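The block underneath contains the structure these notes are about, expressed in structure tokens.
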Amino acid sequence: MNKQIRIGSIIGYINMVISAVIAIVYIPLLTKGIGSSEYGVYQLIGSLVAYFTTTYTSLNASVLKNYAETLHKNEYEQENVLAISRKIFRVISLLIIVISIPVILFFFHSYSNALTEHELNECLIIYVILICNILIYLNNNIYSAAIQAHQKFIFRKCLDLISQCVQPIAVIAFIKKFPYALTIVFIQMSMNVFVSILNYFYAKYKLKVRIKYHYYDKFLVKQIIFLSISVLGVALADQIFWKVDQLVLGKLYGTRTVSSYSIATQINAMYINIGTVLGGMILPTIVSIIHSGDFHLLEHRFKQLGRFQSYILSFVLFGIILYSDELMKILYKDYENDMYIVLILLAIPYSIDLIQNVGNAILQAKNLYGLRAKIMLTAAILNIALTIFLSKQYGMIGAATATAITIIITSGFLMNLIYIKYIHINIVAFAKSVLKIWIKLCPSLIIGIIAKKITIINSPILTLIIHGLIFSIVHIGLLLTIGMQNDDKSIFIKKLRGKIII
């Protein structure tokens, strides 16, 4: 990795810490400020619109991959890739507008008995604003992808950090006077416009990115469309995993259950974001490695990043297992008690996918991402059936169990078969090395459980902080002594001294 990836990843992890701190303070203030009903409306319509957000996720990955490949060529090719991409983005924008109309009509028909008239009308307004927000984001995606392809991650991560801090502060300030879900989406769109403008100026004037159509490249169009469809399929499957649960629960139990379930999924989303910091920046590097033909280095990167993911994720996951229950009881007294079980059911299985996150970048770079799309979409269909069945029987826990089962099938089994057959990664050796890391670090979890049984001070919050510090010291101590491989430890020490860049 170059300096941009190293510093960008550090900023990314700082962003994750700030995000967690903000969530601890922000979500309770938000739910208290607008009420559980308004928050449920916001989450419900957000679950619906989330399926449209997959378009810019898929197109961004495709443009990033193809533009990164042209960086080895000339400006003529670079300009043409972006110009063709922009034409495709405009067509997609038109399709989103057309498709969004029957979607909202179907929503009104399906939820007319579950929601009040006021809630339905508010859903419509929020829906329109969020669709506009997607269109703004989508048409700025070219500049965002260009910045990533040039590996200017420091700028991108700093921009994310600013947005992460400013948005919740603005929301809390405005909901005091306007306590509605509409307030949240207005502020979201304003921040999106601000970020889009900064991306545009940075790409155009700092990086000198130019968009100019020179000729029709049939092969390029096919590549963009094929990879976009593949990433779109995976993104849609992800949205089914994380959003269909809320749609089903909203239909069966109403907005209060949706609010409770969404809190657990948001905490899980923060965990996922931590696990994708490195994976989100590694695609240009993987493209370069494949371009060089050094497949030994490719397997080395897969295993190395898997180990580094384990070092980080073990700390976070053990912390979730130990302390999220107490934390949610302190912060969300008015919500359902099953939120902790839901969080654990989601976080533990998804750890498998996060540890192997670099595999997704390799599949994209090698034009094999369609394989993941097929697997994930098939699993998503299974998830829908399981969610409907288990939610009727067991409520939130049933919905989370359905998602957990499908994650284990896809990430724990089917995706590993893909890595073995098509990328030729020795998954058995990789799994053994990763498992050793987790086993060596397990004593910190055991000590954390024992420490929780000791009441240190008559204050739930201070006791939680002290318990957390004890666990952190033990875990980091184990990591630096027996958890890390010697090569990784050497790299880590040298990084701290600033002597090398991985």
Side-chain angles (χ1 to χ4, degrees), residues 1 5-6 9-10 12-14 16-17 20 270-279 282 296-297 299-325 344 347-359 408 411-412 416 419 425-454 456 464-502:
M1 304 174 195
I5 296 180
R6 179 168 63 90
S9 63
I10 292 171
Y13 289 125
I14 292 172
M16 292 301 102
V17 173
M270 285 189 283
Y271 174 58
I272 292 173
N273 288 338
I274 291 171
T276 54
V277 168
L278 278 175
I282 202 67
H296 175 73
L297 178 60
E299 183 172 18
H300 171 71
R301 286 296 189 210
F302 185 97
K303 294 178 178 179
Q304 183 190 52
L305 291 173
R307 293 195 304 271
F308 274 98
Q309 290 285 75
S310 296
Y311 301 147
I312 296 164
L313 294 175
S314 60
F315 177 76
V316 181
L317 181 62
F318 289 173
I320 288 173
I321 293 170
L322 288 169
Y323 308 115
S324 60
D325 187 24
I344 298 303
I348 292 177
Y350 210 81
S351 300
I352 303 170
D353 191 77
L354 294 175
I355 292 169
Q356 302 172 159
N357 191 250
V358 68
I408 291 170
S411 300
N416 280 326
Y419 298 145
I425 302 293
N426 189 340
I427 288 295
V428 175
F430 170 76
K432 286 180 179 179
S433 66
V434 167
L435 189 59
K436 285 179 182 177
I437 295 170
W438 286 79
I439 291 172
K440 289 177 181 178
L441 297 174
C442 269
S444 66
L445 180 63
I446 297 169
I447 291 172
I449 293 170
I450 295 170
K452 283 181 65 177
K453 298 182 181 297
I454 303 172
I456 300 171
L464 185 63
I465 292 172
I466 294 170
H467 287 162
L469 287 173
I470 293 171
F471 159 73
S472 299
I473 292 169
V474 173
H475 189 90
I476 293 172
L478 287 170
L479 181 61
L480 295 177
T481 53
I482 63 173
M484 275 190 175
Q485 287 192 12
N486 290 332
D487 291 345
D488 296 338
K489 195 183 301 182
S490 176
I491 290 170
F492 179 74
I493 293 170
K494 289 178 181 178
K495 278 182 69 177
L496 288 179
R497 293 173 178 171
K499 289 186 176 179
I500 68 164
I501 300 167
I502 303 176

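Since this is a predicted model, take the numbers as computed values, not measurements. Values reported hereafter were calculated over all heavy atoms of this structure, with side chains retained and with hydrogens, waters and symmetry mates removed.
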Under a 3.5 Å distance rule, please check whether Thr481 uses its side chain to pair with a backbone N or O of Leu478 as donor and acceptor. yes
Between Leu322 and Lys452 the two heavy atoms that sit nearest each other are O-NZ, 2.6 Å
Work out which heavy atom in Gln309 is nearest to a heavy atom in Asn357; give both atom names and the distance. NE2-CB, 3.9 Å
Please report the closest heavy-atom contact between Ile321 and Ile348, naming both atoms and the distance. CD1-CD1, 4.3 Å
Separation between OG (Ser351) and CD1 (Ile272), nearest 0.5 Å, reads 9.0 Å
Which atoms form the tightest heavy-atom contact between Glu299 and Asn426, and what is the distance? OE2-N, 3.2 Å
Kindly check if the number of other-residue, nucleotide or ligand heavy atoms within 6.0 Å of NZ (Lys436) is above 12? no
Applied to residues 465-484, the salt bridge (Lys or Arg N to Asp or Glu O under 4.0 Å) test, sequence neighbours excluded, yields none
Relative to each other, are the rings of Phe471 and Phe315 parallel, tilted or perpendicular (30° and 60° limits)? parallel
Assess the side chains of Gln304 and Arg301: does a donor N or O sit below 3.5 Å from an acceptor N or O? yes
Tested for side-chain contact (heavy atoms from CB on, under 4.5 Å) against Ser310, the lone hit among Leu317, Leu435, Leu305, Val434 is Val434
Ring centres under 6.0 angstrom apart (Tyr350, Tyr271): no
What's the shortest heavy-atom distance between Ile482 and Lys440, and which atoms? O-CD, 3.0 Å
Does Ser314 reach the main-chain N or O of Tyr311 with its side chain, forming a donor-acceptor pair under 3.5 Å? yes
Could you tell me whether the side chain of Phe302 reaches within less than 4.5 Å of the side chain of Gln356, counting heavy atoms only? yes
Any side-chain to backbone donor/acceptor pair from His467 onto Ile454? Under 3.5 Å, distance only. yes
If you apply the rule side chain to side chain contact (heavy atoms under 4.5 Å, CB included), what do you find for Ile449 with Phe318, and how did you get there? CA-CA 10 Å; Ile449 293 170; Phe318 289 173; over 6 Å; no
